[in-house]
Amino acid sequence: MTTELTGRTAIITGASRGIGLAIGQRLAQAGANVVLTSRDQQSADAAAAQIDGDALGVAAHVAEDDAAQRCVDLTLERFGSIDILVNNAGTNPAFGPLIDQDHGRFAKIFDVNLWGPLLWTSCAVKSWMGEHGGAVVNTASIGGMSSAPLMGMYNATKAALIHVTKQLALELSPGVRVNAICPGVVRTKLAEVLWQEHEQALSTTMPLGRIGEPVDVADAVAFLVSDAASWITGQTLVVDGGQILGDATGFRAGHGG
């Protein structure tokens, strides 16, 4: 079993930059045709232009039913299959304490981070994967497995997405595999508040000594959607440099690391 993806087609939502774009580039490198979504066509086209391979950019708001179905239809028209779906689009308009949130921010963050993956998976399964099989990967977060100051609403959406991943893996078995990735702090615009002002101090606490790069997550996705992971479903792969284990500083002292 290899991570070769030649002849397969992948849709990646939220792929104009950061982790989504890196996933598109990595899957294309493995031979896949890739469809990249962004909220506006210009950004989607710019992302597609950064892919070394056959790529299509599609403007689609992740939480809109018509936009999701249109993208699925365009993908089938252009490439003839949807073998891989990466539900990567995410947002965090609700940074702050839970009791300070309003319903508007609550609705937006759950629409994008939870309804979006459900919607796109439904469209892909009903239009292609249900009959032909496929692999779905949901971008969750280590925040969905723990608690952190000011991140309560975002982390709640990611905890729900981890649960939904397991539920979908059961409901769509055996033809469609569904897994989740849980990145830690990665060098992206969405996560800037978590690293930009104190990257060195944060890196020092991490077992592997650095924050993540988008390609670190992309490599994990490339594995999960490939035949090398053909007996893996309903799982959550943590990609965080060991961050979820805790502060590594004191553990290194004994050997001078």
Return the CZ to OG distance between R177 and S226, rounded to the nearest 0.5 Å.
7.0 Å
For the CD1 atom of I82 and the OG atom of S127, what is their distance to the nearest 0.5 Å?
6.0 Å
Can a salt bridge be assigned to the pair D102 and R105 using a cut-off of 4.0 Å between side-chain N and carboxylate O?
yes
Are the side chain of N113 and the backbone of T91 linked by a donor-acceptor contact shorter than 3.5 Å?
yes
Could you give me the CA-CA distance, side-chain angles and deciding distance for R210 and D216, then say whether side chain to side chain contact (heavy atoms under 4.5 Å, CB included) is met?
CA-CA 11 Å; R210 63 176 177 86; D216 294 317; 2.8 Å; yes
Option among L76, L27, N33 that satisfies the side-chain contact (heavy atoms from CB on, under 4.5 Å) test with T9
N33
Give the C-alpha distance, both sets of side-chain angles, the deciding distance and a yes or no for side chain to side chain contact (heavy atoms under 4.5 Å, CB included) between R78 and D54.
CA-CA 10 Å; R78 169 76 174 267; D54 208 345; 2.9 Å; yes
Are I181 and I162 co-members of a hydrophobic cluster defined by side-chain heavy atoms under 4.5 Å apart?
no
Please check: side-chain N/O of W120 versus main-chain N/O of N87, any donor-acceptor pairing under 3.5 Å?
no
Taking all non-hydrogen atoms of both residues into account, name the closest pair between W128 and S81 and its distance.
CZ2-CB, 3.4 Å
Could you check whether any side-chain N or O of T121 sits under 3.5 Å from a backbone N or O of L118, counting only pairs where one atom can act as donor and the other as acceptor?
no
Apply the test side chain to side chain contact (heavy atoms under 4.5 Å, CB included) to residues N92 and M151: give CA-CA distance (whole Å), side-chain angles for both, the deciding distance (0.1 Å), then the verdict.
CA-CA 9 Å; N92 186 14; M151 295 288 289; 3.8 Å; yes
same_hphob_cluster(V112, V164) at 4.5 Å side-chain heavy-atom cutoff:
yes
Looking only at heavy atoms, which two atoms of V72 and A124 are closest? And how far apart?
CG2-N, 4.3 Å
Verdict with reasoning, T165 to T236, per side chain to side chain contact (heavy atoms under 4.5 Å, CB included)
CA-CA 8 Å; T165 296; T236 302; 5.5 Å; no
Nearest atoms (heavy-atom pairs only) where G234 meets N179:
N-OD1, 3.1 Å
If hydrophobic clusters are built by linking Ile, Leu, Val, Met, Phe, Trp and Tyr wherever their side-chain heavy atoms come under 4.5 Å apart, do L202 and V238 end up in the same one?
no
d(L172 CG, M129 CE) to nearest 0.5 Å is 9.5 Å
Roughly how far, to the nearest 0.5 Å, is CD1 of I84 from CG of L5?
4.5 Å
Can any side-chain N or O of T37 pair as donor or acceptor with the backbone N or O of G14 at less than 3.5 Å?
yes
Counting N and O atoms only, with roles assigned by atom type, does the side chain of S146 sit under 3.5 Å from a partner on the main chain of I142, one being a donor and the other an acceptor?
yes
Between I109 and Q101, is any pair of side-chain heavy atoms under 4.5 Å apart?
no
Applying the side-chain hydrogen bond (donor to acceptor under 3.5 Å, both in side chains) test to N88, which of N138, T13, T139 qualifies?
T139
Any donor-acceptor pair under 3.5 Å from T233 side chain to V178 backbone:
yes
Closest non-hydrogen contact found for S16 with A47 is CA-CB, 3.8 Å
Step-by-step side-chain hydrogen bond (donor to acceptor under 3.5 Å, both in side chains) determination, D45 to Q41
CA-CA 6 Å; D45 289 340; Q41 191 61 48; 2.8 Å; yes
Do L208 and F223 land in one hydrophobic cluster if side-chain heavy atoms of ILVMFWY residues count as linked below 4.5 Å?
no
Side chain to side chain, Q25 and D52, heavy atoms closer than 4.5 Å:
no
Would the distance check show the side chain of N155 and the main-chain N or O of G152 forming a donor-acceptor pair, the cut-off being under 3.5 Å?
no
Which heavy atom of D111 sits nearest to which heavy atom of A63, and what is that distance?
O-CB, 3.8 Å
Quick one: are L21 and P214 in side-chain contact, heavy atoms under 4.5 Å?
no
Point-to-point distance, once rounded to the nearest 0.5 Å, from OG1 of T75 to CD1 of I11:
3.5 Å
Heavy-atom side-chain contact between F79 and V34 under 4.5 Å
no
Tell me, yes or no, whether the heavy-atom count around Q42 atom CD, taken from other residues, nucleotides or ligands under 6.0 Å, exceeds 12.
no
So which atom in L224 and which in A229 form the shortest heavy-atom distance, rounded to 0.1 Å?
O-CB, 3.6 Å
Got a donor-acceptor contact below 3.5 angstrom from the Q243 side chain to the V185 backbone?
yes
With rounding to the nearest 0.5 angstrom, report the CD1 to CD distance, I211 to Q200.
10.5 Å
Let me check something: do I23 and I232 share a hydrophobic cluster, defined by ILVMFWY side-chain heavy atoms less than 4.5 Å apart, either directly or through other members?
yes
Any residue meeting ring pair (Phe, Tyr, Trp, His ring centres under 6.0 Å) with F110, in chain and number order, not counting sequence neighbours:
F106
